Amino acid sequence: MNKSMRMLLVSILAMSMFLVGCSGKTNTATEGENGSASEGGSKKDTLVFARGGDSTSLDPITTTEGETFKVTENIFETLLEYGEQDTTIHPGLAEEWNVSPDNLTYTFKLREGVKFHDGTDFNADAVVYNFERWMNGDADKFPYYTMFGGFKGEEGHVIKEVKAVDEHTVEFVLNRPQAPFLKNLAMSPFGIASPEAVEEQGDNFRSNPVGTGPFKFVEWKQNDRIVLEKNQEYWQDGLPKLNKIIFRVIPENTARLNALSNGEIDLMDGLNNSDEASVTGNSSLQVIERPSMNVGYIGFTVNRKPFDNKLVRQALSHAIDKKSIIDSFYGGKADAAINPMPPSIEGYNESIEDYPYDLEKAKELLAEAGYEDGFEMDLWAMPVARPYMPEGMKVAEVIQESFSKIGVKANIQSVDWATYLEKAAKGDFDAYMLGWTGDNGDPDNFLYTLLDKDSIGSNNYSYYSSDELHDILIEAQTESDQTKRNELYKKAQEIIKEDAPWVPLVHSTPLLAATKDLQGYKPHPTGSEALTHVEFK
């Protein structure tokens, strides 16, 4: 009997040790920053996405820069959404919509049962509140609202009224037809915010965002990281697939690639074209191409001398060797830009010829403008890598050398990204390097948004103003026949080419890199996308 008891105790002890061992293997798995678990642990569910610059705000309507939208696309949602990798229109927070025969009344049926992250209800009143907030502001507060022709009370304002028909129906009445109206509504800046949170936070809403999106805001450590967590009450069942997203700031492209190679991050944008081969040669990594819908350019502030003279602007246009820049810094993943909008956009004018690289012609034009001996200027270079300009400082140095050959001394200047954008918007630069990734796939979003007089101080940093161009662009907005719209935009590009407020440089195919186990990530041509379907193998 004693022997049997001893054998039973030994068996119980052995079984206990086995269970403890199994339990320890499951429960002691530790997660690092990138959410990877030790062997036998749970599936990796945290994404670390590294980018070159920090967001300037987390209230998307208050800025025009893409680093904001990369984050806010995951926090806020719009009434309509774009296709997975194009700018076709699909239901968003609005399930369906109707347009009146005169194109002046749009009625939207909203999704029911959707809540903001603070637990308050998304409804028609919330939509009205957001648009009333925006239209009663100005270009300093809400620069992107100029997509609707200005603000309440201004002559060009497109929206006459936004009203709640019932709890889940909202109606927009327009002063005049606007062909890209639906596409505008799907743009990142027009994410619907919680009215209660906006009222409670005031100006602090920029750093405490509350939307209806797949992820909720957790924290923002300036110039370091922004942390989002899964919205457990999200209206789409089973989504998002990740538990957490960490947006890290690593300014240098090469440093970001090192962090990826070392397993510190999972996804990075701004991959240098020169580094593409090293990524494809690494079995643990993958290269991802973003569909191209952008332009990188040099802008001249045309109300500053000598850039108020179009002959000077034309001369400098002749003094830039775009092919050399593309060969040196884009690895064949870019095309020389001729117009301010890319060829992929409907209405592109293919008959326009570029200013050829011709130093003698540049000198002739300078002499004609009264600057035979040249002049001195500041050329401002972006401090961060952008999809259309991955190595801005190096490109600036090439342009500096080219200008020196025609007697123009260009002093390269730079400053932190937020200040750069602020100073550019105020017209403080002689000439500056910038670019644009299209928001909605419509020519209006390039030509009107960037170069119309209505957009001066919001997106028109060149302070370029042409009444002839303005009349054409407003007519194109109002015209419902796309063929007629295209002809108007082609005429607009001819005017811009002659006046040369910019030197369009490149249309690039931006490169990203990621770990091999990342799946479900599909970069959008607009430059930002919700990470709702992203997960790890």
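These numbers come from the heavy atoms of this one structure, side chains and all, not from hydrogens, waters or symmetry mates. On a predicted model such as this, the values are computed, not experimentally measured, just so you know.
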Mind listing the side-chain donor-acceptor pairs of residues 439-447 below 3.5 Å, one per line with the distance, residues two or more places apart or on another chain?
unit_1: Asp439; atom_1: OD1; unit_2: Tyr144; atom_2: OH; d: 3.0
unit_1: Asp439; atom_1: OD2; unit_2: Tyr144; atom_2: OH; d: 2.5
unit_1: Asp439; atom_1: OD2; unit_2: Asn445; atom_2: ND2; d: 3.1
unit_1: Asn440; atom_1: OD1; unit_2: Asp442; atom_2: N; d: 2.9
unit_1: Asn440; atom_1: ND2; unit_2: Asn184; atom_2: OD1; d: 2.8
unit_1: Asp442; atom_1: OD1; unit_2: Asp444; atom_2: N; d: 2.9
unit_1: Asp442; atom_1: OD1; unit_2: Arg485; atom_2: NH2; d: 3.0
unit_1: Asp442; atom_1: OD2; unit_2: Arg485; atom_2: NH1; d: 3.1
unit_1: Asp444; atom_1: OD1; unit_2: Gln477; atom_2: NE2; d: 2.8
unit_1: Asn445; atom_1: OD1; unit_2: Trp436; atom_2: NE1; d: 3.4
unit_1: Asn445; atom_1: OD1; unit_2: Asp439; atom_2: N; d: 2.6

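- Between Asp166 and Thr169, the side chains place a donor N or O and an acceptor N or O closer than 3.5 Å (distance only, hydrogens not considered).
- Side chain of Glu77 to backbone of Leu93: no donor-acceptor contact under 3.5 angstrom is found.
- Side chains of Asn253 and Arg256: a donor on one and an acceptor on the other come within 3.5 Å.
- Residues satisfying the ring pair (Phe, Tyr, Trp, His ring centres under 6.0 Å) criterion with Tyr521, sequence neighbours excluded, are absent altogether.
- For Glu132, the salt bridge (Lys or Arg N to Asp or Glu O under 4.0 Å) test picks out Lys152, with sequence neighbours left out.
- Asp327 meets the side chain to side chain donor-acceptor pair (under 3.5 Å) test with Lys323; sequence neighbours excluded.
- Among pairs with a residue in residues 191-218, none fulfils ring pair (Phe, Tyr, Trp, His ring centres under 6.0 Å), at least two apart in sequence or across chains.
- Ring to ring, Phe172 and Phe108 are close: their centroids are under 6.0 angstrom apart.
- Separating the CE atom in Met187 from the OG1 atom in Thr78 is a distance of 10.5 Å, to the nearest 0.5 Å.
- Glu233 has no carboxylate O lying under 4.0 Å from a charged side-chain N of Lys115, or vice versa, which leaves the two without a salt bridge.
- Using modelled atom types, one finds no donor on one side chain facing an acceptor on the other under 3.5 Å when comparing Asp275 with Ser278.
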Please lay out, stage by stage, how Leu505 and Met389 fare under the test side-chain contact (heavy atoms from CB on, under 4.5 Å).
CA-CA 10 Å; Leu505 292 176; Met389 196 78 65; 3.9 Å; yes

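- Between the side chain of Asn208 and the main chain of Asn204, a donor-acceptor pair closer than 3.5 Å is present.
- Rounded to the nearest 0.5 Å, atoms CZ (Phe131) and CD1 (Ile192) are 5.0 Å apart.
- Qualifying side chain to side chain donor-acceptor pair (under 3.5 Å) partners for Trp97, counting only residues two or more places apart in sequence or in other chains: none.
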Val128 vs Val170, side-chain contact (heavy atoms from CB on, under 4.5 Å): CA-CA, chis, key distance, verdict
CA-CA 8 Å; Val128 172; Val170 66; 4.1 Å; yes

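- A distance below 6.0 Å separates the ring centres of Phe181 and Phe148.
- Pairs passing the ring pair (Phe, Tyr, Trp, His ring centres under 6.0 Å) check and including a residue from residues 243-262, sequence neighbours excluded, read Phe49-Phe247.
- If you check the side chains of Thr63 and Ser57, you find no donor sitting under 3.5 Å from an acceptor.
- Every residue two or more places apart in sequence or in another chain was checked for a ring pair (Phe, Tyr, Trp, His ring centres under 6.0 Å) with Tyr489, and none qualifies.
- Minimum heavy-atom separation, Leu271 to Leu512: CD2-O, 4.1 Å.
- Inspection of the Asp86 and Thr88 side chains reveals an N or O donor paired with an N or O acceptor under 3.5 Å.
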side-chain hydrogen bond (donor to acceptor under 3.5 Å, both in side chains) for Thr146 and Tyr448? Distances and angles first, verdict last.
CA-CA 10 Å; Thr146 55; Tyr448 175 79; over 6 Å; no

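- When all heavy atoms of Pro60 and Thr68 are compared, the closest pair comes out as CA-CG2, 4.1 Å.
- Taking both residues in full, the closest heavy atoms of Ala514 and Ile288 are given as CB-CD1, 4.0 Å, listed atom of the first, atom of the second, then distance.
- Looking at residues two or more places apart in sequence or on another chain, you find a salt bridge (Lys or Arg N to Asp or Glu O under 4.0 Å) between Lys333 and Glu276, Glu289.
- Scanning both residues, Pro504 and Val295, for their nearest heavy atoms gives CB-CG2, 4.4 Å.
- Rounding to the nearest 0.5 Å gives a distance of 13.0 Å between OH of Tyr388 and OG of Ser292.
- For Lys221, there are no side chain to side chain donor-acceptor pair (under 3.5 Å) partners, not counting sequence neighbours.
- Under 4.0 Å is where a charged nitrogen must lie from a carboxylate oxygen, and between Lys244 and Glu229 no such pair does.
- Sorted by first then second residue, the ring pair (Phe, Tyr, Trp, His ring centres under 6.0 Å) pairs that include residues 224-243, not counting sequence neighbours, number zero.
- Without hydrogens or angle criteria, Lys516 side chain to Ser283 main chain gives no donor-acceptor distance under 3.5 Å.
- Remark: Lys109 NZ to His168 NE2 distance equals 6.5 Å, nearest 0.5 Å.
- Residues Phe429 and Tyr420 bring their aromatic ring centres within 6.0 Å.
- For the pair Gln286 and Leu518, the tightest heavy-atom approach, listed with the atom from each and the gap, is NE2-O, 3.1 Å.
- The nearest pair of heavy atoms linking Asp452 to Asn460 is O-ND2, 3.1 Å.
- Checking Thr56 against Glu65 by side-chain atom types alone, a donor-acceptor pair falls below 3.5 Å.
- In terms of the side chain to side chain donor-acceptor pair (under 3.5 Å) criterion, Glu167 has no residue partners (sequence neighbours excluded).
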